[in-house]
2 protein chains.
Amino acid sequence: MQWMKKYTIKDIAELAGVSKGTVDRVIHKRGKVSEAALKKVENILKDIDYQPNLIARSLKNNKNILLCILMPDPKIDPYWKPCIEGIDEASHEFSPFGVTIRYVYFNPFNKDSFVTQSQLALDPSFDGVLLAPLFQKESITFIEACEKQEKPYFLFNNDLKDADSQNFIGQDLFQSGRIGAKLIHSTLKDNAEVAIIHIDEIFKNATHMQEKERGFRSYFNELENGHFNIRAYKLKHRNANNLKKTIKYFIDTHPEINGFFVTNSKINLLAALLNKNRERTCVVGYDLLPENLHFLKTGVIDYLIHQNPRQQAYLGVTFLSDYLLFNKVIPNKNLIPIDIVNSENFMGYIKR
Amino acid sequence: MQWMKKYTIKDIAELAGVSKGTVDRVIHKRGKVSEAALKKVENILKDIDYQPNLIARSLKNNKNILLCILMPDPKIDPYWKPCIEGIDEASHEFSPFGVTIRYVYFNPFNKDSFVTQSQLALDPSFDGVLLAPLFQKESITFIEACEKQEKPYFLFNNDLKDADSQNFIGQDLFQSGRIGAKLIHSTLKDNAEVAIIHIDEIFKNATHMQEKERGFRSYFNELENGHFNIRAYKLKHRNANNLKKTIKYFIDTHPEINGFFVTNSKINLLAALLNKNRERTCVVGYDLLPENLHFLKTGVIDYLIHQNPRQQAYLGVTFLSDYLLFNKVIPNKNLIPIDIVNSENFMGYIKR
DNA sequence: CAAAATAGTGTGCTCGAACACACTTTTTTA
DNA sequence: TAAAAAAGTGTGTTCGAGCACACTATTTTG
C-alpha cells in the first residue's frame, strides 16, 4: 500500500475548476449541476478515488445516536449477563462519538412481555435496535415494523428462520451440534450410548435446540464405523424444585448412557447430579457460566461450547454504531467462530 | 447509563464566565491563568465530567499516521501470511482516519537481516512500529532505540522475556503447551508414549518452544493417575530434502509413540509421513495453514492449536492507531484466547 | 517613574464536509 | 417581450477543539 495524498473537496473543486458547492452536489447527487461540470467532477472523483474524511463528516453531522438493546432480562436468565459486559464495552468505546445505549429488557419466559417491551423499542427516539429474537413470530412482526420505520436493526444470539434475516450476528447452530458430536466421539471412541438432552427449553426459540440436534445427529450418521446409540430427551420443569428431581430420575434410570450432550447452558444442573463413578463418560454442553466452569474445572464436564454472547452483543453494537456514525457497510451474515473450551483454555475466554 | 448532555468548551466557558481560550488553557495546563479562573473552570470540569469531543479533536489535529510493520517475510515462512490479512483489514478500517501502513520484512532465518531491516523501521517518518520480535537480544536493542526516540511500538506473536515487555499482544505459551497436553490426555486416556517434537526450530525464538514444552510437561506432572512417558525431540533440517528423511526415520524408529505434540506450524511435515495404520494415535500441532487443515480434515491431525496470527496483527494495528489518533489507553498485556480447532470447527477461524 | 517584561484574557481562524442562501444565467410561460 | 420559474453556481457559516495572536492589566527592572 503506497502513500496516498488525501484529497479534500476543495482540492477537487480546484482540479475541476468549479466551486466546492458544485463538487458537493455531485458527490451527494443533489442535482442542479450542468452536464459539463458533472462529468468533469465525476472523472476526477474516479481518478483520485476520492474518500471523504469521515472525521470531518461526522463532526458536521454531529449525530447523537441512541441505541436500543432489546434482550432478555439477565436477572431472569444469567446466560445474558455477558452480553451486558460486551455492550458496555462497545458503549464505552463509542460514547465519545455520541452513542448512547438504552436497555429494554423482556422476560424470556413470557411472549407477552416481549410484545409489550418491543413496542418501547419502536420509539422514534431510538436510532437503531439490537435484538435477541427469541420468539420467532413476534420478532418477525417487530423487524417488519422496524423496516417500515426505516429503523436499522441487528439480530444476535439466534437467527430468524423464514425471514430473509439480514443483519444477523451469531453462530451456525447446526455446525455447533456437529462439534458437540465430534468431541464426544473423539473422547469415547468406538461405541457409546449417547444422549442429547434439552433442559428446560420451553421458552428459548425452538429452532435453537432443533438445529443443534440435527447437526449432532448428522455427524454420527456420517460415521462409517463405530456403534453409537443416539437418543434425545427433553427434561422440563413444572415448578422450581421439580426440575432437579426430573434430572436425577433421568440419570438414575439411564445408567447405560456415557455420552451427554446438553444443548444449552443449563448443563450445570445435570453435572451437579452426575455420579462421578460412572466410567468413561463424556459430558459436553454450552456456555461459560460460573457454575458450568466449576464443573469444567473439577472434571465433571469435559467440554463447553462457547457461544460467546459477550462478543455477539459487542459486535452488534459496534456494527450499528459504525453504520450510523460512519455509514460503514456491515457484512450481512456474520458468523462468529464456535470455540471449544476445556479445563485448560477457558481462561482466555472469560473477562477478556 | 443515562442520557448525558455533551458539554463543549464553549458551554464551559459560559458557565465559568470566561472565554474558551481560558478553558482551553486550563484543560491543557498551559498556564497563564489566574488562580480564580483556574479554580472556577476546574470545578466545572469536575462537576460535569467533561469529555472532549474526539471527532473534533482529531479533525483539528488532522494527523496523518504512518505505521511500520516489522515482521518476517511471509514468502519465506507462510506462517506469517494471515498477519498480512489482519493488518490489511485494520488498515482498511483506519485509512479513512489517515492511517497508512508500510511493511518492512526481514528474513526469519537470518539475524543480520533483522538488524538491517530494523534500522529502516527507526526512520523518523514512522509514527509507530508493530514488531514480531523473533530475535530476543536484537529486538531488545531495537525497542530501546524506539523508547529513546519516543516512538510507540507494539509487540505481537511472542513476548520478550527479560525486557519489561510492555505493549504485548499474543498468547500465553506455557498455557498453550498445557492445552496440547490436555488434548492428548483426553484422547489417549490412561497411558501412552508421548513425544514433544520441535521441528526445524533453529530460527524461531527459542523461548517459544521452551515455554510450550514446559507447559506440556507441567500438565502431565500434575496428573495423579495414568502412565505417560514424555520425551522431547528436535528434528532439524540441514538442507532442503534432508528434513523429510529425518522425520521419516524418526517415525519409523519410534513405533511405540502414539501421542505427537508438534510445537509449531510444521506439523504437516510429520502428518504427511505418518502411517495411518498406527492405532489410537493423537496428533496435536499448531496453526491453520492450508497443509495442516488438509490433514485435519482427513483425520491424521486431531487438533490444531490456533495462535491466531491474523487477529494478533489486526489488534496490534488497531491499538497503535487508536492510541495515536484518539489517545486511547491500551491494555498493557493483551493475551488472546487459545483456540482449540478440530475438523468440525475450523471453518469459523479461517477467512473471517 | 517611565519603560519593559510578564501575567492574564479574549478573538478569530483552521481542520473538511455539509448545507443554506444568495446570486447569475438560461428556459419557460403568459 | 416582459415576467416568472427553473437551472446552475459560488459564498459563507456551522460543527468542537486547538492554537496563534492581539490586547489589557499587572509586575519587574533600570
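Convention: sequence-line order gives letters A, B, ...; per-chain numbering from 1.
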Protein-nucleotide distance ([X], atom [atom1]; [N], atom [atom2]), rounded to Å:
| X | N | atom1 | atom2 | result |
| --- | --- | --- | --- | --- |
| B:Lys40 | C:dG8 | NZ | P | 14 Å |
| A:Ile9 | C:dC15 | CD1 | P | 14 Å |
| A:Ile12 | C:dA17 | CD1 | C1' | 11 Å |
| B:Glu14 | C:dG10 | CD | C1' | 14 Å |
| A:Lys20 | C:dA20 | NZ | P | 14 Å |
| B:Lys10 | C:dG12 | NZ | P | 13 Å |
| A:Asp11 | C:dG16 | CG | P | 8 Å |

Quiz item: If you check every side-chain atom of A:Lys60, which of C:dT9, C:dA17, C:dC13 has the closest atom?
Solution: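 From the listed options, C:dA17 comes nearest.
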Quiz prompt | Nucleotide nearest A:Tyr50 (side chain, heavy atoms from C-beta), chosen from C:dA17, C:dA18, C:dT9 | solution = C:dA17
Practice problem: Just call it for A:Asn62: base, sugar-phosphate, or nothing, with non-hydrogen atoms closer than 4.0 Å on any strand. | Solution: sugar-phosphate
Exercise. Please work out if A:Asn53 contacts a base, only the sugar-phosphate, or nothing of the nucleic acid, heavy-atom cut-off 4.0 Å.
Key: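 Sugar-phosphate contact only.
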Quiz prompt | Test side chain to side chain contact (heavy atoms under 4.5 Å, CB included) applied to B:Asn61 - qualifying residues, sequence neighbours left out | solution =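 B:Asn61 satisfies side chain to side chain contact (heavy atoms under 4.5 Å, CB included) with B:Arg57, B:Lys63 only.
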Self-check item: For chain B, the stretch of DNA chain D it reaches, first to last nucleotide, under 4.0 Å of its heavy atoms
Solution: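 Listed 5' to 3', the contact boundaries are D:dG16 to D:dC19.
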Quiz prompt | Short side-chain N/O contact from B:Thr22 to OP1 or OP2 of C:dG10, under 4.0 Å | solution =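 For C:dG10, OP1 or OP2 has a side-chain N or O of B:Thr22 closer than 4.0 Å.
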Quiz prompt | Phosphate OP1/OP2 of C:dA17 contacted by A:Asn61 side-chain N/O (<4.0 Å) | solution = no
If you look at every heavy atom in [X] and [Y], which pair is closest and at what distance?
| X | Y | value |
| --- | --- | --- |
| B:Tyr314 | B:Gly86 | CD1-O, 3.4 Å |
| B:Ala90 | B:Thr318 | CB-CG2, 4.0 Å |
| B:Leu335 | B:Gln171 | CD2-C, 3.8 Å |

Practice problem: Tell me which residues in residues 25-34 of chain B put a heavy atom below 4.0 Å from DNA chain C, sorted by number, or none. | Solution: B:Arg25, B:Lys32, B:Val33, B:Ser34
Are the side chains of [X] and [Y] in touch, meaning some heavy atoms are under 4.5 Å apart?
| X | Y | answer |
| --- | --- | --- |
| B:Leu120 | B:Phe106 | no |
| A:Pro152 | A:Leu324 | yes |
| A:Tyr153 | A:Ile143 | yes |
| B:Phe142 | B:Val115 | no |
| B:Arg25 | B:Val41 | no |

Quiz item: Hey, what do you get for CD1 (B:Ile101) to CD1 (B:Ile65), rounding to the nearest 0.5 Å?
Solution: 10.0 Å
Exercise. Could you pick out which residue, A:Tyr7 or B:Val18, lies toward the 5' side of DNA chain C when each is mapped onto its nearest nucleotide?
Key: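 Mapping each residue to its closest nucleotide by heavy atoms, the 5'-most match is B:Val18.
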Quiz prompt | Side-chain (A:Ser91) to main-chain (A:Ile87) donor-acceptor, under 3.5 angstrom | solution = no
Practice problem: Assert yes or no for the condition that the ring centre distance of A:Tyr103 to A:Tyr105 is strictly below 6.0 Å. | Solution: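 So the answer is yes for these two rings.
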Please enumerate all protein N or O atoms sitting under 3.5 Å from an N or O of nucleotides 22-26 of chain C, with distances to 0.1 Å.
none

Quiz item: Is the OH atom of B:Tyr50 crowded by more than 12 outside heavy atoms at less than 6.0 Å?
Solution: yes
Self-check item: For A:Asp11, all residues meeting salt bridge (Lys or Arg N to Asp or Glu O under 4.0 Å), sequence neighbours excluded
Solution: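 Expected list: A:Lys5.
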Quiz item: How far does the helix from C:dC1-D:dG30 to C:dA30-D:dT1 bend, going by the axes of its first and last five pairs, to the nearest 10°?
Solution: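 The angle, to the nearest 10 degrees, is 50°.
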